[in-house]
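Within every chain, numbering begins at 1; the chains are lettered A, B, ... in the order of the sequence lines, protein sequences first and strands thereafter.
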Amino acid sequence: MDVTALTFMALALPFAAALVAPGLTRLLGHNAAWVLAVAPAAIFLHFLRFLPDVASGEFVTGGYAWIPSFNVSFSWLIDGLSLTFMLLISGIGALIVLYSGGYLKGHPQQGRFFAFILLFMGSMQGLVVSDSFLMLFVFWELTSITSFLLIGFDHAREAARRAALQALVVTGGGGLLLLAGLLILWNVSGVTQLSLLLSFGSEVKESPFYLAALLLVLGGAFTKSAQFPFHFWLPNAMEAPTPVSAYLHSATMVKAGVYLLMRLNPVLGGTPEWQLLLPLFGVTTLVIGAALAVRQTDMKLMLAYTTVASLGLLVMSIGLGSPHAIEAAALYLVAHALFKGALFMVAGILDHETGLRDFTKLGGLRSAMPLTFAIALAAALSMGGLPPFFGFLAKEELYSAFSAPNFRSALFAILAVLGNALMFAVAFAVALKPFLGPRVKTPKHAHEAPLLLWIGPAVLALKGLSIALLSGLAHRFVSSPTASAIAGEPRTVDISLVPHLGLPLVLSALTVALGVAFYLNLARLRAAMAAILVDIGWGPDRGFDQFMRGLVRLAVAVTRRLQGGRLDVYMTATFSLVAVILLALPLRYGEFPRAPFFSADVPVHELAIIAIAVGGLFAVVVASDRLTAIVSLGIQGFAVAVIYLLYGAPDLSFTQFMVETLSVVVLALVMTRLRLSPADHRPLPEKARDATIALACGLGFALFLLRATAVPFDRSLTDFFNLYSKSAAHGANVVNVIIVDFRGTDTLGEIAVVMITGLAILALVRLRAGSLKRAVVAEADETAVEERA
Amino acid sequence: MKSVIFRTLAPVLTSLMMLFSIFVLLRGHNEPGGGFIGGLIAVSALAIYGMAHGVETVRRAIFFHPMAIAGAGLLAATSAGLIAIFAGVPFMTGLWIYPAVFGREVPLSTVLLFDTGVYLVVVGAISSIALSLEERGGE
């Protein structure tokens, strides 16, 4: 098979795996993880084959036409950036599936969980390889939806439901902004594919719509990647089971925004707006995220806030845009996915084995869980940016970006050091505190985690060490192609573990020193942060609730205003508008029919039928009670049916007869049900108003029809149907052939509507009867209570 | 309604109208008629029967819930369209077969299946509305 077909299968594989996951789990229990992990592993291996090509600076595109008439395709772009993401997603994905096997062992819904996580994996893969805008957007929103399902997995708890909804509203809403941004980019450049868009950088930047496109794209990226002030959904998403936090909310999904910024850097980047907004929001997020992490004692929450901080760091370095900053972003992206994924899984292991997630209540676990301790330590060393781990390289590269001797550089350097030092302290609080010190009693008796649980974090932690030791290889195949793709021009990353004296090393040393100081004073720092937060009192999280409440209130107010529930108001409004349209538009454009309206020689029998119709209408108007009026309305309807018959439309006439009959029956039934007073009790002015509206509508329709029939009749459709009805569709009745064959899809839609209407009316009839019955029962209860009293 | 004449005639009238509605449905492709009109006639037949003998009798007579009938119709119409896809032609393309029944060639088509679907949807949905209204109205 060729590469295109194989790649398509690789992209579809997670969805197929999700389909079989529940059944497989029922069959094999938690061991289904071993089978299901084969899918992401196979994808990982498939994408490895692109490494040599991509390392030599090429990129691979492929795909299939989807809606060619709209220039929409299902196509992918594999360059350094998407390949790195792809390998992270599938590689970590395989480990996460294994980890979920151990973590949710025996959970009644484990199969569903596997299905959700594989669905997410498929969406995320699609997102990072998408070449066409539409596909990017669809997969972008799919990740939001699957994330919603995963956060709300434990849907019996209210907190989980709220967190899921919040994440969906924030990231899904951001996705809509992204869609608008992509539409602007499409309009400006005229292309719908990222690979083509990359060469339109200067056109986009000079366009007057540049700022609008930038702000919309940033709206999508910042919400997805939890930048301040949209960061609040990410910590709340920790309601999800830990495998989800480790996968979606550290390694992959939250990086989607970062991915987008990296992808569009050659198109949108480098302008003053870009270099102002991204570093500003990035560094704010970094410092606030790290500070909030210190405030927490729940290890998952601490890690979540440091993830917010790390995302800020990435956004900042993309925004700074200097060669060192771009390379740092590429390195940190990989480093963060590895160490944060591992640390989350360690936190999950501790939770699983001890029943606690609060690091202040844990201690002395090193002898019981030596392997977990080693993994945690390795990941924390990388997160703290210490050699010989990959995190060290990323941080050194970042600090090299601050070498310019100006105020801006110095400011960012100070804030970056501060944020990194806080993260250092948090990393070791998670990796050291639960393991050192005297043994503390825990709800569950702790012992080493089973293979399924430790294998994932162990591989990630080892990876963080090995790619730093073999940095030449890692840079050649991963870091350099990624940095080149972000920058839009060839870049070579060559940082290594060999010490190189200079500003970066000084800043690193400062970070470590500050980090150790923070670590030693963590309790004091936490108290101080708590006090500050209490003083502020308000946060975006509460703001979200206020926003949602306000939205609901607005919706209720608008609905009450527009939908008062009085049928006569609706009818008056509708028909007044119809009359205005029918009369005002011809008046405005001078399109009234020209006299004479009627030909003089109307046959007598036609005149007679018209007289019957008019007589029927007269009967309706003068009828003393409603039932008579309804039946009289039928006279006019039958007269119209006869007119159809005379003009050679038997089908139409036939239908009109039946519809008239049935509508009289149904209307009569409705009238008996409504228990209205039999006669009409409207006061005279109201009658006059309604009569005016009715006459205006009638006049309008009459003039409209006269004008429309005065236009020469276009026979092309008639001729087509007459010609092909018998020969192509084997039917002599053209009307019926149109309904069931030529325009059959229309009819299918119409009968679906008939069916839905029937259901709705049935529900309304039942509902009304039910509520009446309930009211009667309630009244009876009340009387009974009164009687007893 | 209490009129003895009406009560006696209603079943005869209903069965004749039912037969007629099917006749109208089947002839629709070549002469005036079709699923929609046929369905309306059938509903009128049921309405007459309901007026004469009460809603419960009609419900027993049609055996299925009216909405189930409408659902079956929608299913029939949709599958009539889908058959074309499995035959490798675009959705909703009419396909014809001409089996010989008792020595006579009978033209059958997915179009007829589709029209039958329309018939059933109309019968189900509208009779559901009429019956539920009639039922409550009698209380």
Notebook entry, point to check: Considering only heavy atoms, which portion of A:Ile761 lies under 4.5 Å from any heavy atom of chain B: side chain, backbone, both, or neither?
Noted result: side chain
Item checked: Atom CZ of B:Phe91: over 12 foreign heavy atoms under 6.0 Å -> yes
Note to self: Looking at B:Trp96, I'd like to know if its CH2 atom is crowded, meaning that more than 12 non-hydrogen atoms belonging to other residues, nucleotides or ligands lie closer than 6.0 Å.
What the structure shows: yes
Next item on the list: Give the minimum heavy-atom separation between A:Asn736 and B:Gly34, together with the two atoms involved.
Entry: ND2-CA, 3.4 Å
Check: Heavy-atom distance under 4.5 Å between the side chains of A:Val740 and B:His29, does that happen here?
Finding: yes
Check: Within a radius of less than 6.0 Å around CZ of A:Phe721, do more than 12 heavy atoms belonging to other residues, nucleotides or ligands occur?
Finding: yes
Checklist line | Approximate separation, where rounding is to 0.5 Å, of B:Phe36 CZ and A:Glu750 CD | finding: 8.5 Å
Next item on the list: Using non-hydrogen atoms and a 4.5 Å limit, figure out which bit of B:Thr78 sits close to chain A: side chain, backbone, both or neither.
Entry: both
Margin query: Does atom OH (B:Tyr98) have a neighbourhood of more than 12 heavy atoms from anything else shown, all under 6.0 Å?
Written below: yes
Note to self: Counting only heavy atoms from other residues, nucleotides and ligands, does the tally under 6.0 Å from CZ of A:Arg743 exceed 12?
What the structure shows: no
Item checked: Neighbour count >12 (heavy atoms, 6.0 Å) for atom CZ, A:Phe720 -> yes
Check: Can you tell me how far the CG atom of A:Leu669 sits from the CE atom of B:Met51, to the nearest 0.5 Å?
Finding: 6.5 Å
Item checked: Contact check, side chains of A:Lys726 and B:Asn30, non-hydrogen atoms, under 4.5 Å -> yes
Next item on the list: Look at A:Thr747, A:Leu748, A:Val737, A:Thr757 and state which one has the largest set of heavy-atom pairs under 4.5 Å with chain B.
Entry: A:Leu748
Next item on the list: Just give me the residue among B:Gly33, B:Ala47, B:Gly94, B:Ala70 that pairs up with chain A most often, heavy atom to heavy atom, under 4.5 Å.
Entry: B:Gly33
Margin query: Looking at every heavy atom in both B:Met67 and A:Met755, which two are closest together, and how far apart are they?
Written below: CE-O, 3.8 Å
Next item on the list: Let me know which of A:Ile751, A:Ile739, A:Val754 forms a side-chain contact (heavy atoms from CB on, under 4.5 Å) with B:Val118.
Entry: A:Ile751
Item checked: Heavy atoms of other groups near A:Tyr724 OH, more than 12 under 6.0 Å -> no
Checklist line | Toward chain B: residues of residues 639-666 of chain A with heavy atoms under 4.5 Å | finding: A:Pro650, A:Asp651, A:Phe654, A:Thr655, A:Met658, A:Val659, A:Leu662, A:Val665, A:Val666
